[in-house]
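What follows is one structure encoded as C-alpha cells, with my remarks underneath.
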Amino acid sequence: MTTVHIDNWKESIARMRNLAAASGRWAVRKPQFWFGASIILPTLIWYWMFSFRPILNALRLALVQYRILNPAASKFVGLDNFYQLFEHPLFFVSVRNTLVWALLAFIFILPLSLFIATCLANVRRGRNTYQALIFVPVVVSLVAVSLLFRMLMDPEVGMFNQILRALYLPESRWLAGSASALPTIVAVGSWKGLGFYVVILTAGILHIPEELYDAALVDGANEWQRFWRITLPLLGHTLLLVTVLLAIGTLQEFTFPFVMTRGGPGDATYVYNMLIYSEAFEDLRFGTATAAALLQFALILFISLLQIRLLRPTWSY
Amino acid sequence: MTASENIDLARASSSSLYRPSPRRLAGQAILHLILLLMSFVSITPFVWMVFASFKHFQELVRSTALLPQVWTLENYTEIINRVNFPAAFGNSALQATTVTLCSALTSAALGFVFAKYRFWGKEKLFTLLLSTMMIPFAVVLVPLYITIADMNMANQLSGIIVTGLWSTFGLFLMRQFMESIPSELLDAARIDGASEWRIFFTLVLPMATSALAALTVFIFLFNWDNFLWPLVVLNSPEKQTLPLVLAGLRSLYWTRYEMWAAGSMLTVVPVMLIYIFASKYFIRGLAMTGLKA
C-alpha cells in the first residue's frame with residue numbers, strides 16, 4: 001500500500017515538474033507563437049486566395065463549359081475541352097513550334113554558356129566586369145529587346161541586312177521569312193537569356209575544389225582533359241539545374257513571339273502559350289484554355305522529371 | 001558572398017604557384033579576347049539603340065553610321081506628349097515598388113519563421129508552399145483572372161499588385177539565408193527582453209541585407225518587366241504599365257523605328273540605373289541561388 005502511495009507521490013511530482021517545464025517553455029515561446037502566427041496566418045490566406053484556390057479551380061474549369069456571364073450555369077462537359085483543343089487548327093502547329101523552340105534554345109545556349117562560363121572561371125582579371133556586361137541583356141525589358149531586334153532585323157532598312165549588304169554577303173529575311181523566323185526569334189531569346197545561365201554555371205565551376213585541378217595538373221592532364229574529366233562531371237548538379245530551368249522557361253515562352261511576330265509570318269512562330277492566351281482572352285473559351293494549360297503542366301512536369309532521372313549525378317562532393 | 005571570395009582567394013594563391021609562362025599569358029590573352037567579344041555582342045545593340053533614339057527617321061533608315069549626324073530630341077517629346085508614357089511610367093513605378101517592398105518583407109519574415117521556429121507541420125507546409133513554384137503560370141491565368149474580376153480589381157492596378165504581395169521564390173531564398181543566422185544570437189536578444197518584432201526588424205533584417213538586396217532587385221526587375229499578367233488584367237490605356245504601352249508602339253507607329261527606340265530607352269534607363277548600382281548583388285544573389293538550389 002505504502003509503496004503505491006510513494007509511487008503516486010513521485011509520479012505527481014514528476015507531472016508537476018513536466019507541467020512547470022512545459023509552461024516555462026510556453027512562457028518563452030509565447031511571443032514567438034504570436035509573431036509566427038501573425039506571419040503564417042496572412043500567408044495562408046493569401047496563398048489560398050491567389051494560389052491554391054485558383055489551382056483547384058483550374059482543375060474544375062478544364063472540365064466545364066464556362067459561362068462568363070453566369071458562371072453558376074457552367075455545364076460539366078467531361079473531357080470535351082481536351083477534344084476541342086485537339087481539333088483546334090493551331091494546336092499541333094503550336095506544340096511543334098514550342099518543342100522546336102526548346103530544342104533550338106538548348107543547342108544555342110548550353111554549349112555557348114558553358115564555354116563562356118569556363119572562360120570566365122579561368123580568366124584572372126576582370127571577371128566581375130565581364131560578367132556584369134554579359135548579364136546586361138538579362139535585365140533589359142523583354143519588350144524593349146523585342147522592338148530593338150525587330151528594328152535591327154528589318155529586311156529592308158535594318159542594320160543586320162545593311163551590314164550584310166556592305167560585305168556582299170547574302171541577306172536574310174530574318175523574322176519576315178517563314179523558314180527563318182523561328183530560328184531567328186529563338187536566337188534573340190537565347191541572346192537575352194545567355195547571361196543568366198553563364199552566371200549560374202560560372203558559380204558552379206568556381207565551386208569545384210581547386211585541389212582536383214592541381215592533382216590533374218601533377219598527373220599531366222592538359223586543359224582539354226581537365227575540362228572533360230573534372231569540370232564537366234563535377235558540374236553535374238549545376239548542369240541539371242540549368243537544363244531544367246531552360247526547359248521550363250522555353251516551354252512557356254510568350255512575350256517574345258507575341259510582341260515580335262504575333263506568331264507570324266503565317267503560324268511560323270505561334271507558340272503554345274499564345275494558343276492558351278487567345279483561347280482565353282480573345283475567343284473567351286476559359287475551359288479550353290485551362291485544359292490546354294493543364295496539358296502544358298503535365299508536359300513540363302514529365303520533361304523535368306525525365307531530366308532529373310537521366311541527368312542527376314549519383315554523388316556529391 | 002564570402003564563399004565566392006574565398007574561392008577567388010584560393011584560386012589566386014594556388015595559381016600564383018605557377019610561373020607566368022608565355023604560354024599561360026597567351027592563354028589569358030585568348031580568354032580576354034573571347035570575353036571582350038562576348039561583352040561586345042551583349043551591349044552593342046543597346047548602344048545602337050541609345051543613338052538611334054536621337055536620330056531623325058530618314059537618317060535612321062538610310063545611314064549605317066552609329067552616331068547621329070543631326071541630334072534631335074523630337075522623338076522623346078513626341079512620344080511623351082502623344083502616348084501616355086508619363087502615366088505608364090507612374091503605373092509601372094507604383095506597381096513595381098509596392099510589390100517589391102511588400103514581397104521582400106513577407107519573404108524575409110516567412111524565411112525567418114521557417115528557418116528559426118519550430119511548429120507542427122512546418123516542413124510539410126514549406127513543401128506545400130514551395131510546390132506552387134512548379135505550376136506554370138498559364139494554369140492559374142484564367143482562374144486568377146476570375147478571382148481578380150470577382151474582387152472588382154479587373155482593369156485596376158491593384159489587380160496586379162495584390163497577386164504579387166507574396167513571393168514563393170523569395171520565401172525559398174530567404175529561408176536559405178536565415179538558416180545561417182546563429183540561433184544563440186536570437187536567444188541572447190530574447191533573454192535581454194527584446195520582442196520578436198524587435199528582433200526581426202533590428203537584428204534579423206540588418207543581417208540579411210545582402211540577400212535582401214539581391215531579392216529586391218530580382219523582384220523589382222521581374223515586375224518592371226512583367227507582361228502577360230498586366231496584359232490580361234489592364235485594358236484601358238491610362239491604366240497600363242510601361243511594357244504594355246511599349247508593345248503598343250508597334251501598331252501605333254508601324255515602322256517608325258526612332259519612336260520605338262525612344263520608347264524603349266524610357267523603359268530601359270531606370271532599370272539600367274538600378275543595374276549599374278546593384279549588378280554586384282544581382283549576380284552574387286543569382287550565383288548563390290544557383291549553388292543552393
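All values below were derived from every heavy atom in this structure, side-chain atoms included, with hydrogens, water molecules and symmetry-related copies excluded. Letters A, B, ... mirror the listed sequences (proteins, then strands); counts begin at 1.
When heavy atoms are compared at a cutoff of 4.5 Å, Met260(A) approaches chain B solely by way of its backbone atoms N, CA, C and O. For Val242(A), no part lies near chain B; criterion is any non-hydrogen pair under 4.5 Å. In this structure, no portion of Leu244(B) lies under 4.5 Å from any heavy atom of chain A. Neither the backbone nor the side chain of Phe222(B) has a heavy atom closer than 4.5 Å to any heavy atom of chain A. When heavy atoms are compared at a cutoff of 4.5 Å, Phe196(A) approaches chain B by way of both its backbone and its side chain.
The main-chain N or O of Val145(A) is never found under 3.5 Å from a side-chain atom of Lys192(A) such that the two would form a donor-acceptor pair.
Residue with the most contacts toward chain B among Gly158(A), Ala280(A), Ala132(A), Ser51(A): Ala132(A) (heavy-atom pairs, distance under 4.5 Å). Of the listed residues (Phe50(A), Trp46(A), Phe297(A), Tyr277(A)), the greatest number of heavy-atom pairs within a distance under 4.5 Å of chain B belongs to Trp46(A). The candidate with the highest count of non-hydrogen atom pairs below 4.5 Å against chain A, out of Thr267(B), Leu249(B), Val271(B), Ile283(B), is Ile283(B). Among Leu125(B), Thr147(B), Ile148(B), the residue making the largest number of heavy-atom pairs under 4.5 Å with chain A is Thr147(B). Most heavy-atom pairs under 4.5 Å with chain B: of the set Gly195(A), Ala58(A), Cys119(A), this distinction falls to Cys119(A). Among Leu35(B), Leu246(B), Val140(B), the residue making the largest number of heavy-atom pairs under 4.5 Å with chain A is Leu35(B). Heavy-atom pairs under 4.5 Å with chain A peak, among Arg250(B), Met38(B), Met49(B), Met134(B), at Arg250(B). Put simply, of Phe137(B), Phe119(B), Phe282(B), Trp224(B), the one with the most heavy-atom pairs under 4.5 Å next to chain A is Phe282(B). With chain A as partner, the option from Asn226(B), Val162(B), Ile274(B), Ile43(B) having the largest number of non-hydrogen pairs under 4.5 angstrom is Val162(B). Comparing Asn273(A), Leu245(A), Val199(A) by heavy-atom pairs within less than 4.5 Å of chain B, the highest count is held by Val199(A). Contact count against chain B (heavy-atom pairs under 4.5 Å) is highest for Ala293(A) among Gly126(A), Ala293(A), Ala292(A). Ranked by heavy-atom pairs shorter than 4.5 Å toward chain B, the options Thr290(A), Val123(A), Ile248(A), Ile200(A) are led by Val123(A).
In this structure, Pro243(B) and Ser92(B) have side chains that are in contact, with non-hydrogen atoms separated by less than 4.5 Å.
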Test log, rule side-chain hydrogen bond (donor to acceptor under 3.5 Å, both in side chains), inputs Tyr47(A) and Thr168(B): CA-CA 10 Å; Tyr47(A) 268 91; Thr168(B) 309; 2.7 Å; yes
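Counted by atom type alone, Thr163(B) and Trp229(B) present one or more donor-acceptor pairs between their side chains at under 3.5 Å. If you check the side chains of Thr43(A) and Trp166(B), you find a donor sitting under 3.5 Å from an acceptor. Side chain to side chain, Asn122(A) and Gln28(B) fail the donor-acceptor criterion of an N or O pair below 3.5 Å. No side-chain N or O of Tyr213(A) forms a donor-acceptor pair with one of Glu223(A) less than 3.5 Å apart.
For Trp260(B) and Tyr257(B), the gap between ring centers is short of 6.0 Å. Under the 6.0 Å cut-off for aromatic ring centres, Trp48(A) and Phe52(A) do not qualify, their centroids lying 6.0 Å or more apart.
A perpendicular orientation is assigned to the rings of Tyr145(B) and Phe286(A), their planes being inclined by more than 60° (bins at 30° and 60°).
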